[in-house]
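A short write-up of the structure that comes next.
In what follows, residues are counted from 1 in the order of the sequence shown.
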Amino acid sequence: MVDAIPSKVRFRLRRDDAMAALSPWLAKWWVKALIGAVGLYLVGWLLIWLLFARGLPSVDNLRTYEPPLPTNLRSVDGTPIHSFARERRVQLRFDEYPKLLIDAYVSAEDRTFFSHGGVDYPGVVSALISNLSRSGRPVGASTITQQVAKNLLLSNELSYSRKIREAILAYRIEDALTKQQIIELYLNQIFLGRNAYGVQAAARAYFDKDVDQLTLPEIAYLAILPKAPSNYDPERHTDRALARRSYVLNEMQRNGYITQAQLDAAKAAPLGTVRRTQQKFESNGGYFIEAVRRELIDRFGESAQDGPHSIYAGGLWVRTSLDPRLQDLAQTALQDGLVRYDSGRGWHGAIKTIDVSGEWPRALAGLNLGLSYRNWQIAVVLSKAGSTATIGFADGTTGTLPASAAQMPRSGTQTSAFRAMKPGDVIAVAPAGGGWALRVVPAISGGMVVEDPHTGRIYAMQGGFDARLHTFNNATQALRQPGSTIKPFVYASALDHGMTPATLIVDGPFCVYQSAALGQKCFRNFGNSRGAGPQTIRWAVEQSRNLMTVRTASQTGMPNVVQTIKAMGIGNYSPYLSIALGAGETTVLRLTNAYAMLVNLGRELKPSLIDVVQDRNGKVIYRADPRPCPRCNARDWDGKPMPRPPVRGRQVMDPMTAYQIVHILEGVVQRGTAVSLRDLNRPLMGKTGTTSGPTNVWFAGGSPDLVAALYMGYDQPRSLGGYAQGGTIAAPIFKQFAREALKDMPIVPFRAAPGVRMVRIDRRSGRRVYGAWPGNEALASVIWEAFKPESEPRRTIRREEIAERADDKAGAVNTRARDSEFLEREGGIY
């Protein structure tokens, strides 16, 4: 029988687990408070991540960060010539900064930099209290690490949310980089005024020194600039700058970086800053440098967004082909020629006009005008009183311009320049007699290019009177008719199609039927001079005969002529006879290169301004001459033949034809339209040109080692005057240049092409000569002529005929007089 269970007995279920064990603790109030605090902490961090930390930039980018660096240009001899930059910066390593300079910045910006983990908590509390107790701009407490985060990874937004993001990034940066790496980034990146980014650039901008040359007070001054460079401008806020500098020096002494004696001496020192200056480069080569800038932008881009090698951020090192000496000679020669032509044509008016009632020095400097000619300067007329004008310069100085020094007439009027000028006119002046005298910037312009005929390297380029006044580059951008400078290529085509330098062409009337609508077109020689009958091609080129040129082009075939011109890179023209007289358009650069290719025996040249481009680390990323050359860098001779790179460029003209033309063009200098160059007494070839109007005058030519071309003309083409000719205006410019440029070069003859046969001929008839030898005089009856094999003349001239011609001096004089009609004034008629 089963015992009955008492009805009053109660049973309890008890779970023996962890929760049951914690239950008594969870019931305590302080445990609940702790759990709540932890929960709030976790929720807070989650909210911070969601609101601030999410989407922050990666700190890993700082490990490989490369700040924007300027592109530096050097000349052919390695001399620094220019720098392209929107942020002036020089990047240094940590160990290249003096310890005292680092101590100064730490004292000024972040005293506990080397001990905190990214955020200065006492500073944050102090700044927070200060901001809550007053209105106005919030006070920050950014450490150097936070400033790096803001400058490199964040914006300059002024808000508490940005400060929180900044602090988060600062922690991450401290984990990713060492203290030395962080302060190196800081010192290379910060903006310190005067367009200086980084301390090295600022040392140059304020003291014209490198960081390792700075004194203690100079270091302390640079350390005050990160907060607000404009507030401590050494010229406008000297007292404020001195007070802030003293604070930094006191902090350095407090932190044990300097002694009391050093502190006292540094406080007593003046600021010692230099005036705001531009980088010190030579003033010439403005057109060349701008052409290089355009090419670099085309190749590598303009800003950092365009790639790692951009011109304004990539830190490129560029070796150009600019020869400073040749550039200076070319610039001066062209400027002298422009001034010489323009003299006597009056004052052309103000260059610009500005308001002189306010800060006129700033307004004048803002025009960015300048003159690189002799001692000329840019000034502005401030006032006129009686017979004296007060003028001012961009640096704030003033001077006096008497009426007697500005008496030339205003062009097109009878009014003197002094009476015509008014306050606000920007003018050109030069020192004279204790005061200043007015100078006239030429209204005419022009361009000149100098090239190496062996490589195509451009040594000099001048595209106008001054790049700071006339930015349009006439050397590369102006399309002008070349006039008679195109004729050598017309005759080159004729030589390629069976003619020789001794071929006789009739110098007489030549007409062509164009169409029913246009009728008949009759060509003429320059100045309507009469024909001279049958003459050799050499004589035609030397005397620049239009009728002989169009007749030769017609017999050769204009399709062949324009094909030759195209192959030489001058232009792509339609096959009209007028093209043979220079009616097509080309640039100075193209024509220079075409003449250089003649000297290079018809082998293609590509004109280049840049030799080598290196990135910021020194790696070559572009080379103008990419030809391989095995064993060229061998340390010693290996017993094998000398290594040579492969021949550069294709053959665009028969080398014998090219030499024949060069040989003929030597005659242009000896007795033709460029005879004014003969007294340079060295092998020279060249051709003058004068276009219809005349609107342009040209010269192209040079020596075996240097070729140049130039033209002069108005920007809006108009007549230069009936007397204007290439031989009297353009050739003297080249002569002035060549006299100095070639002075120290060896005198060598032009290199003849393999296979050319040199034959004695009678200069006027072109017939072969036996028994007589060429003389040294320019007008010798017998000369050496260049022929291709089996093309030399078969007819001969007897010795007595030559003697008879030599004895007939009167006839020679008359012939010379008749020929002289065409000297210096032959050119295109279109």
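- The salt bridge (Lys or Arg N to Asp or Glu O under 4.0 Å) search around E585 returns none, not counting sequence neighbours.
- In terms of modelled atom types and a separation under 3.5 Å, the side chain of R678 and the main chain of Q670 share a donor-acceptor contact.
- Without hydrogens or angle criteria, T564 side chain to N560 main chain gives a donor-acceptor distance under 3.5 Å.
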Do Q327 and Q462 pass the side-chain hydrogen bond (donor to acceptor under 3.5 Å, both in side chains) test, and can you show the C-alpha distance, the side-chain angles, and the key distance before you say yes or no? CA-CA 8 Å; Q327 174 64 41; Q462 187 67 13; 3.2 Å; yes
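- Side-chain atoms of R551 come within 3.5 Å of backbone N or O of V506 as a donor-acceptor pair.
- With sequence neighbours left out, E792 forms a salt bridge (Lys or Arg N to Asp or Glu O under 4.0 Å) with R757.
- The main-chain N or O of P482 is found under 3.5 Å from a side-chain atom of T485 such that the two form a donor-acceptor pair.
- Looking at L598 and V662, their side chains come closer than 4.5 Å, going by heavy atoms from C-beta outward.
- Side-chain contact check for E451 versus L605: some heavy-atom pair is nearer than 4.5 Å.
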From CA spacing to verdict: side-chain hydrogen bond (donor to acceptor under 3.5 Å, both in side chains), T587, T476: CA-CA 6 Å; T587 66; T476 60; over 6 Å; no
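- R682 places a side-chain N or O within donor-acceptor distance of the main-chain N or O of L742, the cut-off being under 3.5 Å.
- In the displayed structure, Q716 atom CD is contacted under 6.0 Å by at most 12 heavy atoms of other residues, nucleotides or ligands.
- Two residues are said to be in side-chain contact when any heavy atoms from C-beta on lie closer than 4.5 Å; R603 and V652 fail this criterion.
- T688 places none of its side-chain heavy atoms less than 4.5 Å from the side chain of Q725.
- For the atom pair L329 CG and E740 CD, the distance stands at 6.5 Å (nearest 0.5 Å).
- For R650, the salt bridge (Lys or Arg N to Asp or Glu O under 4.0 Å) test picks out E604, with sequence neighbours left out.
- Remark: T695 pairs with T691 by the side-chain hydrogen bond (donor to acceptor under 3.5 Å, both in side chains) rule, at least two apart or across chains.
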Worked verdict on L601 versus Y659 for side chain to side chain contact (heavy atoms under 4.5 Å, CB included): CA-CA 6 Å; L601 297 180; Y659 178 72; 3.9 Å; yes
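- Every ring-ring contact (aromatic ring centres under 6.0 Å, His included) that F699 has, sequence neighbours left out, goes to F734.
- V599 and P704 get closest at one heavy-atom pair: CG1-O, 3.8 Å.
- Here the closest non-hydrogen pair linking L577 and V550 is CD2-O, 3.7 Å.
- For R644, the CZ atom sits in a loose shell: 12 or fewer heavy atoms of surrounding residues, nucleotides or ligands are nearer than 6.0 Å.
- Under a 3.5 Å cut-off, the side chain of R457 and the backbone N or O of S321 do not form any donor-acceptor pair.
- Atom OG1 of T657 is separated from atom NE2 of H497 by 10.0 Å, given to the nearest 0.5 angstrom.
- No side-chain donor-acceptor contact under 3.5 Å links W376 to the backbone of V441.
- In this structure, the salt bridge (Lys or Arg N to Asp or Glu O under 4.0 Å) partners of D496, at least two apart in sequence or on a different chain, are K788.
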Side chain to side chain contact (heavy atoms under 4.5 Å, CB included) between W539 and I505: does it pass, once the steps are laid out? CA-CA 10 Å; W539 189 85; I505 303 292; over 6 Å; no
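- The ring-ring contact (aromatic ring centres under 6.0 Å, His included) contacts involving residues 578-600 comprise F489-Y595, where partners must be two or more places apart or lie in separate chains.
- The closest donor-acceptor contact from the side chain of Q651 to the backbone of M653 lies under 3.5 Å.
- Considering only heavy atoms from C-beta on, T500 stays 4.5 Å or farther from I537 through its side chain.
- Judged purely by atom type and a 3.5 angstrom limit, T586 has no side-chain atom pairing as donor or acceptor with the backbone of R590.
- Residues D507 and R545 are paired through a salt bridge, judged by an N-O separation under 4.0 Å between the basic side chain and the carboxylate.
- Qualifying ring-ring contact (aromatic ring centres under 6.0 Å, His included) partners for Y287, counting only residues two or more places apart in sequence or in other chains: none.
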Carefully, step by step, assess K735 and D679 under the rule salt bridge (charged side-chain N to carboxylate O under 4.0 Å, His left out). CA-CA 10 Å; K735 183 177 182 178; D679 59 7; 2.9 Å; yes
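- Looking only at side-chain heavy atoms (C-beta outward), M685 and F750 come within less than 4.5 Å of each other.
- Side-chain contact between L334 and F737 is absent, with no heavy atoms from C-beta onward closer than 4.5 Å.
- Under the side-chain hydrogen bond (donor to acceptor under 3.5 Å, both in side chains) criterion, T549 pairs with Y491, not counting sequence neighbours.
- Tested against K487 for a side-chain contact (heavy atoms from CB on, under 4.5 Å), the candidates V541, L581, T552, I661 yield a single pass: L581.
- Here the side chain of N375 pairs no donor or acceptor atom with the backbone of A430 at under 3.5 angstrom.
- Qualifying ring-ring contact (aromatic ring centres under 6.0 Å, His included) partners for Y459, counting only residues two or more places apart in sequence or in other chains: none.
- Of all non-hydrogen atoms in G727 and P732, the two that sit nearest each other are O-CD, 3.5 Å.
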Is there a side chain to side chain contact (heavy atoms under 4.5 Å, CB included) between I486 and I579 once you walk through the steps? CA-CA 8 Å; I486 202 73; I579 296 298; 5.6 Å; no
Would you sort out whether E785 and H663 count as a side chain to side chain contact (heavy atoms under 4.5 Å, CB included), showing the intermediate values? CA-CA 8 Å; E785 191 59 272; H663 191 56; 3.2 Å; yes
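- Residues R767 and P793 form no side-chain contact, since every pair of their non-hydrogen atoms from C-beta on lies 4.5 Å or further apart.
- For residues 324-338, every residue pair satisfying the salt bridge (Lys or Arg N to Asp or Glu O under 4.0 Å) rule, not counting sequence neighbours, is listed here: D336-R374.
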Scan the side chains in residues 705-715 for donor-acceptor partners under 3.5 Å anywhere in the protein, sequence neighbours excluded, and list what turns up.
unit_1	atom_1	unit_2	atom_2	d
D705	OD1	H454	NE2	2.8
Y711	OH	N474	OD1	3.1
D715	OD1	H470	NE2	3.4
D715	OD2	H470	NE2	2.8

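- For the side-chain contact (heavy atoms from CB on, under 4.5 Å) with I458, the lone residue among V450, L609, L326 that qualifies is L609.
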